[in-house]
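Working notes, structure below.
Counting from 1, the numbers follow the sequence of the chain as shown.
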Amino acid sequence: LRKIPDVYPTPLSTGGALWFPDLTAPDPTMALPVLSAISFLLTIEAGKKQMLASSPDQGPMLLTFFRALGVMMIPLTMDFSAAVFCYW
């Protein structure tokens with residue numbers, strides 16, 4: 001991923017949309033990391049019943065871990081280029 005801007009510098013630097021026109025730069029509004037974290041948390045919540053039913057002993061601990069990971073995704077991914085979130 002780090003070499004993609006070297007291979008395709010012009011399309012990535014001008015190929016964005018809306019509020020992120022430069023795909024090689026991090027999102028200045030942090031909306032993409034927040035939307036990514038929200039979609040991750042929604043996916044975890046949608047599969048919560050299956051996770052708890054398949055592993056009653058470890059299910060609550062895993063659910064808590066994945067919820068914390070979803071919240072930690074925002075500061076961990078805020079410096080990623082916008083292209084990563086468009087692909088993700």
Side-chain angles (χ1 to χ4, degrees):
L1 284 175
R2 292 176 193 241
K3 293 181 183 180
I4 288 177
D6 297 332
V7 178
Y8 305 106
T10 305
L12 285 177
S13 64
T14 60
L18 303 174
W19 69 91
F20 50 97
D22 185 1
L23 293 175
T24 60
D27 181 13
T29 63
M30 287 189 39
L32 293 175
V34 170
L35 289 173
S36 178
I38 289 172
S39 68
F40 179 78
L41 287 171
L42 289 174
T43 303
I44 295 302
E45 293 301 319
K48 176 173 56 173
K49 287 183 182 179
Q50 183 178 3
M51 185 186 305
L52 293 173
S54 66
S55 179
D57 297 333
Q58 294 179 346
M61 182 182 64
L62 286 172
L63 188 61
T64 303
F65 170 76
F66 285 126
R67 285 176 177 162
L69 183 63
V71 172
M72 290 302 300
M73 278 178 64
I74 297 170
L76 293 175
T77 62
M78 69 183 188
D79 291 327
F80 285 8
S81 67
V84 173
F85 293 105
C86 291
Y87 175 77
W88 203 338

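Applying the side-chain contact (heavy atoms from CB on, under 4.5 Å) rule to Val34 yields the partners Ile38, Ile74; only residues at least two apart in sequence or on another chain are considered.
In this structure, CD in Gln58 is found 12.5 Å from CZ in Phe65, a value given to the nearest 0.5 Å. To the nearest 0.5 angstrom, Met51 atom CE is 5.0 Å from Ile44 atom CD1.
Panel note: side chain Thr43, backbone Ser39; a donor-acceptor pair is recorded below 3.5 Å.
Leu41 and Phe80 fall into different hydrophobic clusters, where Ile, Leu, Val, Met, Phe, Trp and Tyr side chains are chained together by heavy-atom contacts under 4.5 Å.
Looking at every heavy atom in both residues, Pro60 comes nearest to Ser55 through CD-O, 4.4 Å. Shortest non-hydrogen contact noted between Pro56 and Ala53 is CD-O, 3.9 Å. The nearest pair of heavy atoms linking Gly59 to Leu52 is C-CD2, 3.5 Å.
The salt bridge (charged side-chain N to carboxylate O under 4.0 Å, His left out) pairs that include a residue from residues 50-60 number zero, where partners must be two or more places apart or lie in different chains. Among residues at least two apart or in separate chains, salt bridge (charged side-chain N to carboxylate O under 4.0 Å, His left out) pairs with a member in residues 34-55 are Glu45-Lys48, Glu45-Arg67. Counting only residues at least two apart or in different chains, salt bridge (charged side-chain N to carboxylate O under 4.0 Å, His left out) contacts with residues 33-42 are absent. Among pairs with a residue in residues 68-85, none fulfils salt bridge (charged side-chain N to carboxylate O under 4.0 Å, His left out), at least two apart in sequence or across chains.
A 4.5 Å side-chain heavy-atom check between Phe40 and Leu69 finds at least one atom pair inside the cut-off.
Grouped by direct or indirect side-chain proximity (heavy atoms under 4.5 Å, Ile/Leu/Val/Met/Phe/Trp/Tyr only), Leu76 sits with Met72.
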